[in-house]
Amino acid sequence: MLKIGDFSKLSRISIRMLRHYDEIGLLVPKTTDSFTGYRYYGEDQLPIAGRIIALKDMGFGLIPIGEILKNYDNPQALADFLAVKQAEVQTEAEETGRRLLLLDTAIKRLRKDETAMNYNVILKNLPERYVASVRKVIPAYEQEGILWNLMMTETAPLQLQQADNCCSLAIFHDEGYKDRDVDVEIQITIKGCYQDTEHVVFKTMPALEIASATYKGSYEQLTAVNHAVANWVNDNGYEFNGAMFCIYHVSPAQTQNPDELVTEVCYPVKKR
């Protein structure tokens, strides 16, 4: 029999952790002196200690390790446990790789342009949505209110129910910037089911992966925001995959102060 100190040295597990393993039933001493409380281990428990260390090095927590030890002599069950952990670690490695790329490109952009982080670009998924939509060619971008007036007028009798994650957005369908006669679509996320009106179409929009940047203030910042998103898309191995749109978190309909506007500029993207 080995005293806990000797077992600690041989197993390379601290006394503190051995006591914890005993408390949770992971590695229980062969015997414990009822008078002194001293713990004594058997030499045959050293391989079990080695298994615990090996499994911890693979990233398993103590509770899963306890389950694995119960099935350690079953090669198929053990392989299944290891395969699940392998998949988890692979996913973590891919996420770590993505974060490293984001850090690397952010550092490179900052070295080229000290203002590069003024607008922080994120990659996210916009889920499938059921929307009320109005799309028309309007004289100019700043006359987008024409579409919102149409939307509000024609849907007022319908008493639309906004979705819990409702967002108001405008999609700009022209291939490039235009000085006039611009093709713009507005959407509001809703729930329920409705019949189309003269100008309002109800439809389901597919999920999208987007690169976006949110800014507060007037639309004069839009060029700089677009530049930030374009650089991020190029630097991180993505390409544009659809029409640019803006989500209005605080819209002109909610405030008369341009400094209070909050706009998220979004570009559908896909990996190159």
**Prompt:** Is it the case that Gln187 and Ser133 place a side-chain donor and acceptor less than 3.5 Å from each other?
**Reply:**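 No, no side-chain donor-acceptor contact under 3.5 Å.
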**Test item: side-chain donor near acceptor, Asn71 and Glu67, under 3.5 Å** =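 Side-chain D/A pair, Asn71 to Glu67: absent.
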Distance-minimising heavy-atom pair for [X] and [Y]:
X	Y	result
Ala228	Val121	O-CG2, 3.8 Å
Asp179	Ala140	O-CB, 4.4 Å
Ala243	Pro268	O-CD, 3.2 Å

**Request:** Quick one: sort the Tyr141 and Phe172 rings into parallel, tilted or perpendicular, breaks at 30° and 60°.
**Result:**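 The rings of Tyr141 and Phe172 stand perpendicular, inter-plane angle above 60°.
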Applying a strict under-4.5 Å side-chain criterion to I, L, V, M, F, W and Y, I'd like to know whether [X] and [Y] cluster together.
X	Y	answer
Leu27	Ile15	yes
Ile48	Ile53	yes
Phe81	Val84	no
Met17	Ile4	yes
Tyr177	Val137	no

Within a 6.0 Å radius of atom [atom1] on [X], are there more than 12 heavy atoms belonging to other residues, nucleotides or ligands?
X	atom1	result
Lys136	NZ	no
Ile63	CD1	no
Arg16	CZ	no
Glu175	CD	no
Glu43	CD	yes

May I ask you to test the [X]-[Y] pair for a side-chain heavy-atom distance under 4.5 Å?
X	Y	value
Leu62	Ile24	yes
Thr155	Thr197	no
Val201	Val134	no
Thr32	Tyr38	no
Val28	Tyr41	no
Phe7	Gln45	yes
Val262	Tyr248	no
Met152	Val200	no

**Asked** Checking side chain to side chain contact (heavy atoms under 4.5 Å, CB included) for the pair Glu198/Glu154: CA distance, chi angles, key distance, verdict?
**Response** CA-CA 8 Å; Glu198 182 180 356; Glu154 294 191 13; 3.9 Å; yes
**Prompt:** Hey, which of Lys178, His173, Arg135 is the one that makes side chain to side chain donor-acceptor pair (under 3.5 Å) with Asp183?
**Reply:**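 Result: among Lys178, His173, Arg135, Arg135 is the only option passing the side chain to side chain donor-acceptor pair (under 3.5 Å) with Asp183.
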Looking only at atom types and distance, does a side-chain atom of [X] sit under 3.5 Å from a main-chain N or O of [Y], one as donor and one as acceptor?
X	Y	result
Thr204	Tyr130	no
Asp174	Gly176	no
Asn149	Gly145	yes
Arg39	Asp22	no

Within this structure, what is the [atom1]-[atom2] distance for the pair [X] and [Y], rounded to the nearest 0.5 Å?
X	Y	atom1	atom2	answer
Leu123	Tyr267	CG	OH	15.5 Å
Leu147	Glu185	CG	CD	9.5 Å
Arg51	Ile65	CZ	CD1	12.5 Å
Ile186	Leu150	CD1	CG	7.5 Å
Met244	Leu222	CE	CG	5.0 Å
Asp259	Lys216	CG	NZ	8.0 Å

**Request:** Output the rest of the hydrophobic cluster of Ile247: all Ile, Leu, Val, Met, Phe, Trp and Tyr residues reachable through side-chain heavy-atom contacts under 4.5 Å, sorted by chain and number.
**Result:**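 So far as hydrophobic clustering goes, Ile247 is joined with Leu126, Leu169, Ile171, Leu208, Ile210, Phe245.
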Lys/Arg N to Asp/Glu carboxylate O, [X] vs [Y], below 4.0 Å:
X	Y	result
Arg99	Glu95	yes
Glu264	Lys124	yes
Lys270	Glu239	yes

**Message:** Leu18 vs Ser8, test: side chain to side chain contact (heavy atoms under 4.5 Å, CB included). Steps then yes/no.
**Reply:** CA-CA 8 Å; Leu18 286 172; Ser8 172; 3.9 Å; yes
**Item:** Audit row: Gln143, Val182, side chain to side chain contact (heavy atoms under 4.5 Å, CB included) steps and yes/no
**Value:** CA-CA 10 Å; Gln143 296 187 44; Val182 293; over 6 Å; no
**Item:** ring-ring contact (aromatic ring centres under 6.0 Å, His included) partners of Tyr238, counting only residues at least two apart
**Value:**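 Scan of Tyr238 (ring-ring contact (aromatic ring centres under 6.0 Å, His included), adjacent residues dropped) gives Trp232.
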**Request:** Dump the intermediate steps for side chain to side chain contact (heavy atoms under 4.5 Å, CB included) on Ile190 and Val131, then the final yes or no.
**Result:** CA-CA 5 Å; Ile190 56 174; Val131 303; 5.7 Å; no
**Partners meeting side chain to side chain donor-acceptor pair (under 3.5 Å) with Asp33 (sequence neighbours left out)** =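 If we apply the side chain to side chain donor-acceptor pair (under 3.5 Å) test to Asp33, skipping adjacent residues, the hits are Thr36.
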**Request:** Report yes or no: is the cationic atom of Lys85 (NZ for Lys, CZ for Arg) under 6.0 Å from the centre of the six-membered ring of Phe60, at an angle within 45° of the ring normal?
**Result:**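 That pair qualifies as a cation-pi contact.
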